[in-house]
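Working notes, beginning with the structure itself.
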Amino acid sequence: MVCTLMRVALTVFAFAVPGPAVVAAERAIDKEIVVAATPQQVWNAWTTRAGITSFFAPDANIDARVDGAFEIYINPLAEPGLKGADGMRFLALQPPRMLSFTWNAPPSLPEARQQRTFVVVRIQPIGEKETRVTLHHSGWGDGGEWDKAYGYFDRAWGNVLGNLKKSFESGPIDWTAWLEQMRKAQPK
């Protein structure tokens, strides 16, 4: 009887003593798309220069190894450091299932751009020639330019994945008009 009362008392005590506060999950951007391609084709799209230029940006510097370059040049005509994802690196590669890389804010948000976030892309077969691609972007700060960068990428990653899907359905993205727009925006 005494043992039973002790156990009850300890149980009540355990619930009565305040523990560490529960912390909400960190904010992140999560996107998903299904593409008409094999996992190897999707892997190649994310880990080669030819693949990146087929859907993501008009130019890139890609060295698919841990700590290798993952530089995506949204505006290849800009000065070094302002081309887009300048200086970004691969963090991990598990062919053809997962890759992760560092990421930064666009040049228009210089304060947030000085920091790095990270992206994890997972590639999962769901059919003979169908693959689910999920993207998880985390490491965000709060307030000011962080909120602007988060809003920007919440929209941008949907466009990137949409372009990935289009590239497998109708061929590589034609960057001609985009590059012309970048030429016109260049300082004279």
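The structure presented is a predicted model; accordingly, all values stated were derived computationally and were not measured.
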(message) To the nearest 0.5 Å, what is the distance between CD on Gln41 and CD1 on Ile123?
(response) 11.5 Å

(request) Start with the C-alpha distance between Asp63 and Arg89, add both sets of side-chain angles, then the distance that settles side chain to side chain contact (heavy atoms under 4.5 Å, CB included), and finish with yes or no. (result) CA-CA 9 Å; Asp63 181 10; Arg89 314 298 288 175; 5.9 Å; no

(message) Give me the atom names and distance for the closest heavy-atom approach of Ala78 to Lys83.
(response) O-NZ, 3.1 Å

(request) Indicate the atoms forming the closest heavy-atom contact of His136 with Ala28, along with that distance. (result) CE1-CB, 3.4 Å

(request) Compare all side-chain heavy atoms of Leu82 with those of Asn75 and state whether any distance is below 4.5 angstrom. (result) no

(request) Using a 4.5 Å cut-off on heavy atoms from C-beta on, say whether the side chain of Lys31 contacts that of Asp154. (result) yes

(message) On a heavy-atom basis, which atom in Gln115 and which in Asn104 lie closest, and how many Å separate them?
(response) O-CB, 3.9 Å

(request) Report yes or no: do Val133 and Leu93 belong to one cluster of Ile/Leu/Val/Met/Phe/Trp/Tyr joined by side chain heavy-atom distances under 4.5 Å? (result) yes

(request) Tell me, yes or no, whether the heavy-atom count around Arg116 atom CZ, taken from other residues, nucleotides or ligands under 6.0 Å, exceeds 12. (result) yes

(message) Which heavy atom of Asn163 sits nearest to which heavy atom of Phe55, and what is that distance?
(response) CB-O, 3.2 Å

(message) Ring-plane angle category for Trp178 and Trp175, please: parallel below 30°, perpendicular beyond 60°, tilted otherwise.
(response) perpendicular

(message) Under 3.5 Å, is there a donor on one side chain and an acceptor on the other for His137 and Trp157?
(response) yes

(request) With the side chain counted from C-beta on, respond yes when Pro76 and Leu179 share a heavy-atom pair under 4.5 Å apart, and no when they do not. (result) yes

(message) Would you compute the distance between atom CE of Met88 and atom OG1 of Thr102 and round it to the nearest 0.5 angstrom?
(response) 4.5 Å

(request) Report yes or no: do Ile62 and Trp43 belong to one cluster of Ile/Leu/Val/Met/Phe/Trp/Tyr joined by side chain heavy-atom distances under 4.5 Å? (result) yes

(message) Could you report the tightest heavy-atom contact between Ala45 and Leu164, atom names first, then the distance?
(response) CB-CD1, 3.9 Å

(message) Looking at Glu79, I want to see if its CD is surrounded by more than 12 non-hydrogen atoms of other residues, nucleotides or ligands under 6.0 Å.
(response) no

(request) Side-chain contact test, heavy atoms from C-beta onward, threshold under 4.5 Å: evaluate it for Pro39 versus Arg97 and give yes or no. (result) no

(message) In terms of relative ring orientation, are Phe153 and Trp103 parallel, tilted or perpendicular, with 30° and 60° separating the classes?
(response) perpendicular

(request) Could you tell me how the ring of Trp146 sits relative to the ring of Trp140: parallel (under 30°), tilted (30 to 60°) or perpendicular (over 60°)? (result) perpendicular

(message) Just so I know, are the side chains of Glu145 and Pro110 near enough to count as touching, which here means a heavy-atom distance under 4.5 Å?
(response) yes

(message) Any non-hydrogen side-chain atom of Phe101 less than 4.5 Å from a side-chain atom of Val121?
(response) yes

(request) Salt-bridge test for Arg183 and Glu180: reply yes if a basic N is under 4.0 Å from a carboxylate O, no otherwise. (result) yes

(request) Please indicate whether Lys148 has more than 12 foreign heavy atoms, meaning atoms of other residues, nucleotides or ligands, lying under 6.0 Å from its NZ. (result) no

(request) Answer with yes or no whether the hydrophobic clustering places Phe118 together with Ile52; edges join I, L, V, M, F, W, Y residues whose side-chain heavy atoms lie under 4.5 Å apart. (result) no

(request) Compare every heavy atom of Thr38 with every heavy atom of Glu128, then report the nearest pair and how far apart it is. (result) O-CG2, 4.2 Å

(message) If we ignore hydrogens and angles and just use 3.5 Å, is the side chain of Glu71 paired with the main-chain N or O of Gly87 as donor and acceptor?
(response) yes

(request) Would you check if Phe90 and Asp67 make a side-chain contact, meaning some heavy-atom pair closer than 4.5 Å? (result) no

(message) Can you confirm whether Val120 sits close enough to Leu91 that some side-chain heavy atom of one is under 4.5 Å from a side-chain heavy atom of the other?
(response) no

(message) For the CD atom of Gln186 and the CD atom of Gln181, what is their distance to the nearest 0.5 Å?
(response) 11.5 Å

(request) Would you kindly confirm whether Tyr73 and Phe70 end up in one hydrophobic cluster when ILVMFWY residues are joined by side chain heavy atoms under 4.5 Å apart? (result) no

(message) If we ignore hydrogens and angles and just use 3.5 Å, is the side chain of Glu26 paired with the main-chain N or O of Gly139 as donor and acceptor?
(response) yes

(request) Flag yes if more than 12 heavy atoms outside Arg122 fall under 6.0 Å of its CZ atom; otherwise flag no. (result) no

(message) With a 4.5 Å cut-off on side-chain heavy-atom distances among I, L, V, M, F, W and Y, is there a chain of contacts connecting Ile72 to Leu77?
(response) yes

(message) Nearest 0.5 Å, please: how far is CD1 in Ile33 from NZ in Lys166?
(response) 9.5 Å

